[in-house]
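Here the structure comes first, spelled out in structure tokens, and everything after it is commentary.
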Amino acid sequence: MKAYIVERDKLKNNIDIVKKRAAGKPIYGVIKANGYGLGLLQLARVLRDEGIDRFAVTEPSDAIRLRMAGFIDEEILVMRPVVSEADVSDIIDAHAVATIGSYDDAVLLSGLAEKHAEVVEAHIKIDTGMGRYGFVPAETERIAQIYRYMKRISITGLYTHFNCAFGSMKKTNAQLESFLAVADRLRESGCNPGCVHAANSSFLFRGDISRTDAVRVGSAFLGRLPCRLKNNAGLQPVGYARCEVVQVRWLREGQTVGYGAAYTAKKAVRVAVIPFGYADGFGVARANDIFRFRDRLRYLLHDVRGLFSARRMTVTIHGRRAPVLGHIGMVHCVADVSSIQCEPGDEAVIEVSPVYANSAIERIYE
Ligand SMILES: *Cc1c(COP(=O)(O)O)cnc(C)c1O
């Protein structure tokens, strides 16, 4: 049986570290993408148990799921603008906080709120470099008009999302300044920006949060930050996949393994066949984790090497690492267990980020 194991003690350790770092400022627990693969509701429960009472999601429907599961008092910020009446209905039904990233967003939200005879709470999003949603800092006057004229919208926050906080802090700090300047200009024109928030996980550990009112954290809970920190700031990677070895067999000299015959046995080798492949998320993180040029180069070299030799992936059996031979298949991989005593039915542990572990695999908190 395949399962994805979430280690509760490590998760708690990471939450503790995040809380210390936030130094009493409110934390939005970001639980988008099914709680980064840890399970929307399961992760939300652990965060709530640890005193986190604000959540941030991407989909309005996630806000509904949270309320239905008994998250009644928590604030839920939906971090993308609404596009449809269904979105607005979900936000109204869930008493969630909407995001407004343009004047058009505000017009739509305001019109639909009026239709529902409701006042909708919203945070204003500023685009400081991400290029997704948000007013550019020069549009402050446009934002002020929402405060003044759209009485169906109650603005309680202002935020931005940094695109380089794992890398250039020079760029990021400049973005912070231009963002905070928007808050200042709003105050000068008599509009209260409300809760001003910007920090994501990388910024929380690398930047200065003292001039903002809250932080939004996701990946730090997983212990998997896109930036390198000394000793990983004490954060511990949470989660691994587990499944059973199906077959143990000997391959003779000259036999090959996997698509493309990337591996040929140079001598007799004992292998374990494990029903876990790229459709389960094994080995796919690499392709998506490309952030810095250095990494890009590293991945490129790795990929070029990968054309000639097996990737250096491993699975762990009885606490010992077994190198994966040849290319990983869709639902299978083959590992060298020449030096490991094992048999069919034994447990194989596979390193995979919960974000990439196939969502059909059950998450088990231990
Ligand atoms: C994902 C996300 C975050 C959290 O980022 P982490 O680096 O995972 O902490 C914060 N804000 C927004 C808008 C996001 O999309």
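Note that ligands are numbered from 1 as they come in the structure, with each ligand's atoms numbered from 1 the same way.
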**Message:** Using 30° and 60° as the class boundaries, would you call the ring planes of His197 and Tyr159 parallel, tilted or perpendicular?
**Reply:** parallel
**Prompt:** What is the distance from atom CD1 of Ile361 to atom CG of Asp280, rounded to the nearest 0.5 Å?
**Reply:** 4.5 Å
**Asked** CD/Glu50 to NZ/Lys19 distance, rounded to the nearest 0.5 angstrom?
**Response** 5.0 Å
Within 45° of the axis and under 6.0 Å from the centre of the six-membered ring of [Y], does NZ or CZ of [X] qualify?
X      : Y      : answer
Arg363 : Tyr4   : yes
Arg48  : Phe71  : yes
Arg142 : Tyr103 : yes

**Item:** Close approach of Arg224 to ligand 1, heavy atoms, under 4.0 angstrom
**Value:** no
For [atom], grab the closest protein heavy atom and report residue, atom and distance to one decimal in Å.
atom                    : answer
atom 14 (C) of ligand 1 : Lys32 NZ, 3.1 Å
atom 11 (N) of ligand 1 : Arg216 NE, 2.8 Å
atom 7 (O) of ligand 1  : Ser219 OG, 3.2 Å
atom 4 (C) of ligand 1  : Tyr36 OH, 3.4 Å
atom 9 (O) of ligand 1  : Ser201 OG, 2.5 Å

**Message:** For the 3.5 Å polar cut-off, considering only N or O atoms, please tell me whether Val217 and ligand 1 meet it.
**Reply:** no
**Request:** Please determine if Glu59 and Arg80 form a salt bridge, counting it only when a charged side-chain N lies under 4.0 Å from a carboxylate O.
**Result:** yes
**Item:** Nearest neighbour of atom 3 (C) of ligand 1 from the list His161, Met130, Lys125, Arg132, on a heavy-atom basis
**Value:** His161
**Prompt:** Taking heavy atoms and a distance under 4.0 Å, where does His197 meet ligand 1: side chain, backbone, both or neither?
**Reply:** neither
